[in-house]
> 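Before I ask anything, here is the structure I am working with.
Computed from heavy atoms alone, side chains included, the values below leave out hydrogens, waters and symmetry copies.
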Amino acid sequence: GVWRQTRALLFKNCLIKCRTKKSSVQEILFPLFFLFWLILMSMMHPHRKYDEVDNINLGSLDTSMLVDFVIGYTPPTRMAREIMKKVAFDNFEDGLITEEYLSEEELQEASALKTSKFVGVVFKDGMSYQLRFPDSVVMSSIYTESR
């Protein structure tokens, strides 16, 4: 039954490999060549290790650039409102303009209509978000790997 069919299939595959030696050798050597190439490239561009940076006072923020700056966010949850209120009023004397939107589509429409001083914040969950600038999307991350 099954054992005889499996044995016949293995025998057939062995015959094919023996009859097509050139392609069989290529199947083995090409992955080894690419592996060697990747190792060589990684040795040419080693990872950079950066030292820790001490906590220092960077001085006050130049708020003249933030005049008429609008931050839109979605979804309008309690947590998102608290975070945006803290961003707008705790860090800036005059406060930034924050607007909440019900959906990501509304946020994109507002971004298209507003000036270039509009940034959208899309909260994915309590711990992650995406920043949406007029022409791009930037993922937030604590750890950024080197290329």
Side-chain angles (χ1 to χ4, degrees), residues 1-3 5-7 9-10 12-14 16-17 20 22-147:
V2 174
W3 173 244
Q5 287 178 349
T6 305
R7 197 174 46 181
L9 184 62
L10 285 172
K12 180 188 102 174
N13 288 338
C14 287
I16 291 172
K17 293 295 179 191
T20 56
K22 183 178 178 181
S23 65
S24 299
V25 169
Q26 287 176 349
E27 285 179 16
I28 294 170
L29 291 182
F30 277 152
L32 292 175
F33 169 74
F34 288 123
L35 179 65
F36 173 74
W37 185 73
L38 286 173
I39 291 170
L40 182 66
M41 294 303 286
S42 69
M43 289 171 58
M44 289 174 60
H45 300 285
H47 294 289
R48 292 184 182 159
K49 303 280 187 200
Y50 294 103
D51 294 332
E52 291 183 14
V53 177
D54 295 331
N55 291 336
I56 57 172
N57 186 3
L58 298 176
S60 62
L61 178 67
D62 183 16
T63 57
S64 64
M65 294 175 52
L66 301 176
V67 176
D68 299 329
F69 200 79
V70 179
I71 299 177
Y73 64 94
T74 187
T77 60
R78 184 183 59 80
M79 172 94 58
R81 285 186 188 105
E82 289 176 15
I83 291 170
M84 295 311 292
K85 187 167 90 173
K86 187 166 189 68
V87 166
F89 295 108
D90 290 356
N91 298 323
F92 306 100
E93 300 89 28
D94 300 333
L96 297 174
I97 302 168
T98 58
E99 299 174 354
E100 62 182 43
Y101 296 94
L102 297 176
S103 67
E104 208 170 327
E105 290 78 26
E106 286 183 22
L107 182 74
Q108 288 175 347
E109 289 173 12
S111 174
L113 297 175
K114 305 269 184 188
T115 63
S116 62
K117 291 189 174 189
F118 182 86
V119 173
V121 181
V122 179
F123 290 96
K124 296 298 180 186
D125 55 33
M127 298 299 288
S128 64
Y129 60 89
Q130 285 184 336
L131 296 178
R132 296 200 179 264
F133 294 97
D135 296 331
S136 64
V137 175
V138 178
M139 295 293 291
S140 68
S141 74
I142 296 170
Y143 176 73
T144 305
E145 293 181 302
S146 67
R147 293 183 188 173

> How about Lys124: does its NZ atom have over 12 heavy atoms from other parts shown lying under 6.0 Å from it?
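Enclosed.
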> Of all heavy-atom pairs between Ala80 and Pro75, which one has the smallest distance, and what is that distance?
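Here Ala80 and Pro75 meet closest at CB-O, 3.5 Å.
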> Quick check on side chain to side chain contact (heavy atoms under 4.5 Å, CB included): which of Leu107, Thr74, Val70 does Glu99 satisfy it with?
Val70
> Measuring only between side-chain heavy atoms, which start at C-beta, is Phe123 closer than 4.5 Å to Ile83?
yes
> What pair of heavy atoms forms the shortest contact from Thr20 to Ile16, and how long is it?
OG1-O, 2.7 Å
> Would you call Lys86 and Glu82 a salt bridge, taking side-chain N to carboxylate O under 4.0 Å as the test?
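Salt bridge: no.
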> Pair up each side-chain donor or acceptor in residues 26-41 with any protein partner under 3.5 Å, not counting sequence neighbours, and list the distances.
{"unit_1": "Glu27", "atom_1": "OE1", "unit_2": "Lys17", "atom_2": "NZ", "d": "2.8"}
{"unit_1": "Glu27", "atom_1": "OE2", "unit_2": "Lys17", "atom_2": "NZ", "d": "3.2"}

> Return the set of residues passing salt bridge (Lys or Arg N to Asp or Glu O under 4.0 Å) with Arg7 (not counting sequence neighbours), or none when no residue passes.
none
> Can you find a pair of side-chain heavy atoms, one from Val121 and one from Leu131, that are under 4.5 Å apart?
yes
> Before giving the answer on side-chain contact (heavy atoms from CB on, under 4.5 Å), spell out for Met84 and Glu100 the whole-Å C-alpha distance, their side-chain angles and the decisive distance to 0.1 Å.
CA-CA 9 Å; Met84 295 311 292; Glu100 62 182 43; over 6 Å; no
